Structures are given as C-alpha cells and as structure tokens.
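Okay, so here's the structure we're looking at.
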Amino acid sequence: MPTQPVTMTAPPAPKTAGGGSDFAQLSRRIAAEGLLDRRPGYYAARTALVLAAFLGGWWALFALGDTWWQLGLAAAMSVVFAQIGLLSHDLAHRQVFDRRLPSEIGGRIAANLLMGMSYGWWMNKHTRHHANPNHEERDPDVSPDLVVWSKRQARQASGLARFIGRRQAYLFFPLLLLEGLNLSFNSFRALRSPMMKRPLLEGVLLVVHFAAYLGLVLAALPPGKAAAFLAVHQALLGVYLGCVFAPNHKGMLMVTPEMKLDFLRRQVLTSRNVRGGPVVDAVMGGLNYQVEHHLFPSMPTPALGRAARITREFCAEKGIPYYETGLFRSYREILAHLHRTGEPIRSGG
C-alpha cells in the first residue's frame, strides 16, 4: 500500500492473456460474494432514521421557541440535510432500487423536496464525473471555476479563478461555507437547461421546499434569529458536504487527454479511500470507500467494506497502486495539493 497519494503519471494498462480484462476478473470475484445484491432492510432502516431526524428537527424548531439555542439545532439540521443528500446519491446510483422509476421518484423526493437540490441537475453532473473522474477537461467536479486543480489549469486561469488560486489552500474551507447556497443557485439555474428531463416537476418541488423551509423558520423565530438560523444551517451544510466529497478524489491523479487508462486503473488511481471504522462510514455515507463505489456504483453501502478488502488484494496482485488514508490526513493532502497547483499563479506563470 503506498503511503502517499498517486499524483504521478499513471502506468499503461497491461494486456491480459486470458480471463477477460482486469476489471472483468475483479467483477467476478465481487459478484461471487453477492456484494451487488440489494439490501432493502438496510435502506428501509436508514431512510426511517433520516426521516425521523428530519421531522424531529422541525418539531424541535417550534418546541425550542425564541432562543439562541436554535443555532445548535441549525447545526444539527445541516447534518440531517446532508444525510438526505447522501441518501439521494444512493438512490441515483440505483443502490436502493434496481429499477429507474422508483429510483427517480425517491431521488426527487429526497433531493428536491426535502433537501432543496435538483436531482436532475446533480444526476447529470455526477454521471459525467463518474465517467471521467479527475479528468482535466471532462470531469465537471474539477473544472476551474473558482479553484484550480492542476498546474495546467493554473497557467490557463483568469479572472476570479486566478485571484483565488493564489491562496486557494487557505480559502478552500471558507469557500465551502457557500456551497449550500451554490447548490441551490445551480439547481434553479439548471431548470432552463435542455438536459433537464422534468424541469416543471423539479421546479415545483424546489419551490415547495423553499416555501416550506423559509416559512417554517420565519414562523418559529423572529427575523434576526431566523436569519442567523438560515445562515448557520446553509453554511454548515456546505462544509459538511464538502468535507464528505473532497477526500474522494482531490489531490489524487489528475487525468490529461494524453493518458490512456483502462476502466479499472482510471477509477482506482484517481480515487482515495478513507479509513475510520463505523463512525466514518456513517458520517460519509459509505463514500469513504470511493474506489469501490467508482468501480461498482450500484453496490449497496453495507457491501462496500467487504468489497474494499477484495479490491485491495486484487490490486496488490496486479501491481496497481491502491490508496487509503485517515480522514484528517486526507484534508492535509488536499490542501497541500491545492498549494502546489496554485504555484504557477503565485510565480506569475
């Protein structure tokens, strides 16, 4: 197991003499263990717990009344909203249901109605990310809108991205405070996009969400405390989601158009797993097993731990670097990567 994330040029995929591609061989091992089978009991229990926390939070909003303790509830509700987002992620990948229709219905209820994020917009963006993780030109998650993720992007940066890129390692976590608002803004903006399959339905669900969300907070609290509640809730929601998704790929191999990688190596070399046990598993919704999630997107969350052991052993057999580290170490690696990639801007390159 390497002790540093993979940031060098990736090795070419070797040709297999028999038995199919390396990924086909790994897939057979995974399938033989039944790790792709649905886990309805797990998702029923998880959904019930998240919904109970969601409804309980709104009950607590009125039970607490006019007090600054509401800011603690706002922080707790940011965790609940993020867990709804993680549940909608699993629905989008058909980890919960094997059919498209119930997955889309559940995803729109969770994302649009309960969380306030467009399921269709996020699904389109996330699908492109899975197809080309960390690809400088094809992965929307590493597009240099505000932050540059490679030195090539840094040399080409202009405007706000160039301004932020100078000190992006220091600004990364503060910028996450705005991610909740960014998700809402992009969700409404995407309603006008031709890629949106159900713009009217998604728009109605988003309007209902925000009308209820703002209406409940304003009904329970005076304007000043309501504004503080909303600010804390949205800011911490952005930080939570950013801290869950950033360790997955940031600071790992950046793929350029010149690189020729097979599916297995493209997914493994660009992904980072995060160790930590059941607590980290719950906090990150299973996305700490990012390597396995990218190789088998429809795999239910409870199966990812066992799949990680099989994948790690398989990669060792094939000489493929497989990287995992602790949660806080992953953040240090991300910040170090951001500082390195911003160097061409600081030096005037």
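Nothing here was measured: the structure is a model prediction, and the numbers come from that model.
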Any donor-acceptor N/O pair, [X] side chain to [Y] backbone, under 3.5 Å:
X	Y	result
Gln70	Phe229	no
Glu136	Val142	no
Thr311	Ala308	no

[X]/[Y] ion pair, N-O < 4.0 Å:
X	Y	result
Arg198	Glu104	no
Asp141	Lys250	no
Glu333	Arg329	yes
Asp98	Arg38	no

Return yes when atom [atom1] of [X] has more than 12 non-hydrogen atoms of other residues, nucleotides or ligands closer than 6.0 Å, and no otherwise.
X	atom1	result
Phe210	CZ	yes
Phe328	CZ	no
Arg94	CZ	yes
His339	NE2	no
Trp68	CH2	yes

Where do [X] and [Y] come nearest, in terms of heavy atoms and distance?
X	Y	answer
Leu64	Trp69	CD1-O, 4.4 Å
Arg272	Ile334	NH1-CG1, 4.3 Å
His209	Gly116	CD2-CA, 3.3 Å
Trp122	Ala92	CZ3-CB, 3.6 Å

Between Val291 and Tyr323, is any pair of side-chain heavy atoms under 4.5 Å apart?
-> no

Should [X] and [Y] be regarded as members of a common hydrophobic cluster, given that ILVMFWY residues are connected when their side-chain heavy atoms come within less than 4.5 Å of each other, either directly or indirectly?
X	Y	result
Met195	Leu183	yes
Tyr240	Leu71	no
Phe245	Val147	yes
Leu237	Phe185	no

Phe81 and His233: side chain to side chain contact (heavy atoms under 4.5 Å, CB included), yes or no, with the steps?
-> CA-CA 9 Å; Phe81 270 51; His233 178 247; 3.6 Å; yes

Output field: ring centroids Phe23/Phe296 closer than 6.0 Å = yes

Applying side-chain hydrogen bond (donor to acceptor under 3.5 Å, both in side chains), run through Thr301 and Tyr289 and close with a yes or a no.
-> CA-CA 9 Å; Thr301 296; Tyr289 300 107; over 6 Å; no

Atom pair [atom1] ([X]) and [atom2] ([Y]), whose distance is rounded to the nearest 0.5 Å:
X	Y	atom1	atom2	answer
Met299	Gln95	CE	CD	9.5 Å
Leu26	Glu313	CG	CD	11.0 Å
Leu206	Leu113	CG	CG	9.0 Å

Between Thr270 and the options His135, His249, Arg265, the side chain to side chain contact (heavy atoms under 4.5 Å, CB included) test singles out His249

Name the orientation class of the two ring planes belonging to Tyr213 and Trp58 (parallel below 30°, tilted from 30 to 60°, perpendicular beyond 60°).
-> perpendicular

